[in-house]
Amino acid sequence: MFYLNECAIVCALGDSHASIKARLLELAASGVAPSDAWSAGRFLPLGRVDTALPPVAHLAPGQRSRNNALALAALAQIRPALEAAVARYGASRVGVVVGTSTSGIAETESALRQYVADASLPRDYHHGQQEMGSLAAMLAQELGLEGPAYVHSSACSSGAKAMASAARLIKMGLCDAVLTGAVDSLCAFTVAGFSALASVSAAPCNPLSLNRDGINIGEGAALFLMSAQPAAVALCGWGESSDGHHMSAPDPAGGGARLAIAQALARAGVTAAQIDYINLHGTATPQNDAMESRVVAELFGAAVAVSSTKPFTGHTLGAAAAVEAGLCWLAMQDDNPDGRLPPHLWDGVPDPALPALNLVRPGMALGRPLRWALSNSFAFGGSNAVLLLGRPA
C-alpha cells in the first residue's frame, strides 16, 4: 500500500487545509478572479495564488523562480514530517518525484522583455530557471535528500504520473518514502498559448454546460509524503495510457481514457460500482467534456457523484492532477465524517448532446465517509493518467 501520510496544498483557494476546505466544501466559493497580469490589457479569470510566497534568494541562481517559491510554500506545510522521514530512513532512502509544465518560464519572459528594451539580460537571470528538472533538484537540495530526484512533464497529467512513479520507487524497494506531487505557476506563455488555441474562456469556466467555451488557467502546488507507513488515505491504484490521436485534442472515442481508468480500478482491486466520487478532468472545453462524460457514463453509470474542481482553482496545468488529488485527500480525512463532496460549479444549463451525470451540488454529502475517489487527468498529446485514492479498511 502506498500511503499519503501528509498533504500540502497552495492554490487559488488558499494555503492551508482549513481555508481550502472551507471554500471548497462549505462555502462553494471559487478562487478564480479576473486579472490582466499575464495578458496585458485583457482581463481573464485566473486561479492566481495571492498569498505571500517564501523568498528564493538562498537558492542557486538557476533555481530562483516563482515556481520554486510555490513549491517552498507547500513544502513548509509538511517539512517537519519530511525531516522525520529522513531521520527515520536516511537521506539516500527518500526520493523526490514531482511534475511541472512551466518551471521558470515567467523568469525567462521577464528577462526577454528587458533584452528587447535595452539589449541586455538581467544580471540575476540564469537559463536554469526554466529547466524542468529545477523543481526536483531544488526540493532535494533543500531537504538534503540523496535518493532519486526527477520531474515528469507531460502537461496536465504530470502530477498524476509523478505520483504513480513515486509508488513504483517504493514498490521496487528503491525508496522508503518519496516527496511527490506537482507545481505550476502562471506565466504569459501559457495564457497566450491556450488563447491561440481558442481554449481560454473570458468568463468563469463552465464544465459540462451547453455554454462551455474553454478553460481558466491557474497555478498551484500540491506535495505529498508517500510511504508504506499506514495513514488515513492511500494511493491504491493508478492507470496510464496514450491516445496517439492528436497533439491537443483527445480521442473522441475515449479509448485511452477508458484504458487508464480500467488500469486504476484493476490495480486497486475495486469495481466501478464501489467508487464513491469522481473528480473529473472537466476542463470546460467542448471536446474534453464530451469525451470524458461519455466514458464516465459508460463505465460508471449515472449514479456516481462527479464534479470538476477547476472552477475553484483554475486549470493548474502541470499541477492539476496533484492539486485535485489533494482536494480528494482533504475530503477523505476523518474531520469529514459525513462525506461532503467537492461541488460542481456551473451555470446549470445541461448540454443535451452529453449523457446526464450526477453532478455534485453545493452541500451534497454521502452521509458517510468518502472511501473511494477517482481523479482523472487527460493531457495534451493524449497522455492520460488516473489516480484512485482510498481509505484502507
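Taking both residues in full, the closest heavy atoms of Cys205 and Gly214 are given as CB-O, 3.5 Å, listed atom of the first, atom of the second, then distance. Nearest heavy atoms, Ser383 versus Ser157: OG-OG, 2.7 Å. Leu44 and Ala202 make their closest contact through CD2-CA, 4.1 Å (heavy atoms, listed as atom of the first residue, atom of the second, distance).
When hydrophobic clusters are built by joining Ile, Leu, Val, Met, Phe, Trp and Tyr residues whose side-chain heavy atoms come closer than 4.5 Å, directly or via intermediates, Tyr150 is grouped together with Met226.
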Check the pair Asn67, Ser65 against side-chain hydrogen bond (donor to acceptor under 3.5 Å, both in side chains), reporting the backbone distance first and the verdict last. CA-CA 5 Å; Asn67 211 59; Ser65 65; 5.4 Å; no
Start with the C-alpha gap between Gln141 and Gln63, add the side-chain angles, then the distance that decides, and say whether side-chain hydrogen bond (donor to acceptor under 3.5 Å, both in side chains) holds. CA-CA 11 Å; Gln141 292 170 22; Gln63 296 176 357; 3.3 Å; yes
Checking Asp243 against Asn384 for the side-chain hydrogen bond (donor to acceptor under 3.5 Å, both in side chains) test, could you report, in this order, the C-alpha distance in whole Å, the side-chain angles of both residues, the deciding distance, and whether it holds? CA-CA 8 Å; Asp243 286 353; Asn384 306 304; 2.8 Å; yes
Going through the distances and angles, do Arg42 and Ser195 end up as a side-chain hydrogen bond (donor to acceptor under 3.5 Å, both in side chains)? CA-CA 11 Å; Arg42 181 188 179 209; Ser195 295; 2.9 Å; yes
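Identified under the salt bridge (charged side-chain N to carboxylate O under 4.0 Å, His left out) test for residues 146-159, with sequence neighbours left out: none. Applying the side chain to side chain donor-acceptor pair (under 3.5 Å) test to every pair with at least one member in residues 87-99, sequence neighbours left out, gives these pairs: Arg88-Gln229, Arg93-Asp176.
Between Arg79 and Glu83, at least one side-chain N (NZ, or NE/NH1/NH2) sits under 4.0 Å from a carboxylate O, which counts as a salt bridge. With respect to the salt-bridge test (charged N to carboxylate O, under 4.0 angstrom), the residues Lys161 and Glu240 qualify. Taking a cutoff of 4.0 Å between a charged side-chain nitrogen and a carboxylate oxygen, Arg391 and Asp276 do not qualify as a salt bridge. Using a 4.0 Å cut-off between charged nitrogen and carboxylate oxygen, Glu107 and Arg113 do not count as a salt-bridge pair. Taking the charged nitrogens against the carboxylate oxygens, Arg48 and Asp50 do have a contact shorter than 4.0 Å, which makes a salt bridge.
Screening Asn288, Thr283, Asp351 for a side-chain contact (heavy atoms from CB on, under 4.5 Å) involving Arg212 leaves a single residue, Asp351. Partner of Val178 under the side-chain contact (heavy atoms from CB on, under 4.5 Å) criterion, chosen from Val98, Val97, Val96: Val97. Checked options Leu374, Val306, Val360; the residue passing with Tyr277 is Val360 (criterion: side-chain contact (heavy atoms from CB on, under 4.5 Å)). Each of Thr51, Ile20, Leu70, Val49 was evaluated against Asp15; a single residue qualifies, Thr51, per the side-chain contact (heavy atoms from CB on, under 4.5 Å) test.
The aromatic rings of His281 and Phe378 lie perpendicular to each other, with more than 60° between the two planes, well past the 30° mark.
The CE atom of Met163 sits 11.0 Å away from the OG atom of Ser165 when rounded to the nearest 0.5 Å.
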